[in-house]
Amino acid sequence: MPPSSTVEVPLRASATAARPSASAAETTSPYTLLDLVCFAHLHWDFVWQRPQHLLSRFAQHGRVFYVEDAFYHNDDLIEPHVEIKLRDNGVKVVVVHLPQRLRSDESAADQAQFEVLSHYFNEQGVRDYIFWYYTPMALGKSRQFTPKLTVYDCMDELAAFKFAPPELKKRELELFEKADLVFTGGHTLYESKREQHNDAHPFPSSIDKAHFGQARGPLAEPADQAKIAHPRIGFFGVVDERLDIELLRELSQQHPEWQFVIIGPVVKIDPATLPRTANVHYLGGKDYKELPAYLKGWDVATLLFADNESTKFISPTKTPEYLAAGNPVVSTPIRDVVRPYGDLNLVQIADNAADFGKAIEKALTQREDADWRKRTDDYLATISWDQTWQQMVDLMQARLHAKKDDAATTTQAHAPLMAPKVSEVTLPPITPAS
């Protein structure tokens with residue numbers, strides 16, 4: 001295949017792929033931003049979370065290109081090229097394919113990606129554009145471009161995650177220098193990042209109330225959950241080093257009368273380390289649209305997070321999602337759950353198996369607490385992904401306007417908007433595959 005040719009791939013669902021609810025398409029707040037190019041470490045089709053909530057809303061108003069990590073082939077038979085996956089919310093997922101020979105040469109791999117992306121964006125007529133980063137590691141393939149605005153949406157402290165690249169912290173410092181705006185996935189993370197950037201803003205995990213609120217109405221019980229007895233104690237999310245495996249093990253052993261339902265893909269940890277008692281049920285990853293039906297069948301929802309470096313700065317999206325579904329919630333003391341949910345007595349907090357068990361026992365009666373239900377709904381009425389998205393847009397528009405004013409008062413030569421191709425390879429025109 002010639003360098004930088006394009007393969008157009010139609011939408012295809014995966015076991016954990018997600019779809020937005022109707023509210024994402026109903027965002028009507030006017031705005032006129034530029035083309036948005038997002039660089040992410042997360043596959044679009046993995047699980048539906050913060051990037052998908054926000055970028056699907058951007059895509060209602062303009063072009064969005066979601067650039068994933070490169071895909072390396074096991075041989076050298078292919079030349080660098082780009083694959084485009086069209087998603088039903090308007091987002092174009094962009095994946096650069098590279099030969100095996102570039103896997104061990106990061107500099108050459110980054111240069112190849114830059115050239116392929118530069119050619120693709122030029123063919124697409126991308127001239128004035130915004131860069132939106134979820135990972136500083138993407139700087140290697142993108143630093144030669146000249147975006148009008150650079151946003152770093154720091155949703156997690158990636159350097160604390162298992163298998164994090166050793167150079168990630170250094171790359172993040174470089175990204176702070178380039179970024180016009182820094183958004184953080186929670187207040188705890190904001191308290192850290194505001195020391196490194198003077199235009200940082202906290203945007204904690206929000207909620208698609210209409211989607212998860214379906215759990216309060218009539219929904220058919222999913223077949224793989226229907227035969228599980230009650231009471232059901234549930235958790236959904238990625239099952240990785242952040243899950244407190246020992247807490248789950250102790251709870252399942254101490255309370256055989258409870259059934260623990262775990263939904264989500266297992267990554268970065270050995271599945272053999274997970275507790276396998278008869279009352280723990282691993283149902284695997286589910287599509288976003290299926291989650292309300294599972295939540296409806298739970299008696300209590302949990303945030304079974306461990307106390308380690310990878311959870312120090314997290315702001316779990318599932319907290320308001322559980323509550324919007326009408327589920328009482330028990331969590332370990334994650335700071336962004338304690339503040340505000342624990343402080344407002346909307347979520348019970350416990351830091352050991354004995355106390356967690358007592359909190360679950362209380363939560364099993366909480367659905368009958370009218371005061372708790374009202375206070376929970378009053379709080380949820382103050383947050384939404386639509387509001388979060390609009391607040392981000394307002395900040396971006398203000399920064400673009402300020403930069404335009406600055407440019408009008410300078411006599412500096414205008415830099416090219418799209419970096420030129422710098423290799424000696426002549427790239428052919430891009431033609432979508434049939």
Contact between Q391 and H201 at the side-chain level, heavy atoms closer than 4.5 Å - yes or no? no
Quiz question: by atom type and distance under 3.5 Å, do the side chains of S384 and D386 form a donor-acceptor pair? no
All heavy atoms of D270 vs all of T273, minimum pair found to be O-OG1, 2.7 Å
Using the ring centroid of each side chain, check whether F236 and Y294 are separated by less than 6.0 Å. no
Non-neighbouring partners of K403 that pass side-chain hydrogen bond (donor to acceptor under 3.5 Å, both in side chains), sequence neighbours left out: D180
Should R143 and D110 count as an ion pair when the cut-off is N to O under 4.0 Å? no
Taking the six-membered ring for Trp, are H211 and Y288 ring centroids under 6.0 Å apart? yes
Please list all pairs meeting side chain to side chain donor-acceptor pair (under 3.5 Å) that have one or both residues in residues 322-335, counting only residues at least two apart or in different chains. E191-R335
Rounded at 0.5 Å granularity, tell me how far CD in Q259 sits from OG in S252. 10.0 Å
Using 30° and 60° as the class boundaries, would you call the ring planes of W258 and H255 parallel, tilted or perpendicular? parallel
Electrostatic pair D105-R101, nearest N-O below 4.0 angstrom: no
Assess whether a salt bridge exists between D378 and K374, defined as any Lys/Arg side-chain N lying under 4.0 Å from an Asp/Glu carboxylate O. yes
Atom pair CZ (F39) and CG (D69), whose distance is rounded to the nearest 0.5 Å: 11.0 Å
Between L295 and A325, the two heavy atoms sitting closest are CD1-CB, 3.8 Å
Can you label the angle between the H81 ring and the H73 ring as parallel, tilted or perpendicular, going by 30° and 60°? tilted
R103 and Q100: side-chain donor and acceptor closer than 3.5 Å? yes
Less than 4.0 angstrom from a charged side-chain N to a carboxylate O is my criterion; do R249 and E246 meet it? yes
Looking only at heavy atoms, the pair that brings L247 and L304 closest together is CD2-CD2, 3.8 Å
Give a yes or no on whether the ring-centroid distance for F65 and F121 is below 6.0 angstrom. yes
Pairs flagged by ring pair (Phe, Tyr, Trp, His ring centres under 6.0 Å) wherever residues 353-382 is involved - sequence neighbours left out: Y341-Y379
Can you confirm whether L248 sits close enough to I262 that some side-chain heavy atom of one is under 4.5 Å from a side-chain heavy atom of the other? yes
Report yes if some heavy atom in the side chain of I314 is under 4.5 Å from a heavy atom in the side chain of D336; otherwise report no. no
For the rings on F176 and Y152, is their centre-to-centre separation under 6.0 Å? yes
Flag the pair R63 / V126 as yes when at least one side-chain heavy-atom distance between them is below 4.5 Å, and no otherwise. yes
R339 and T188: side chain donor to acceptor below 3.5 Å: yes
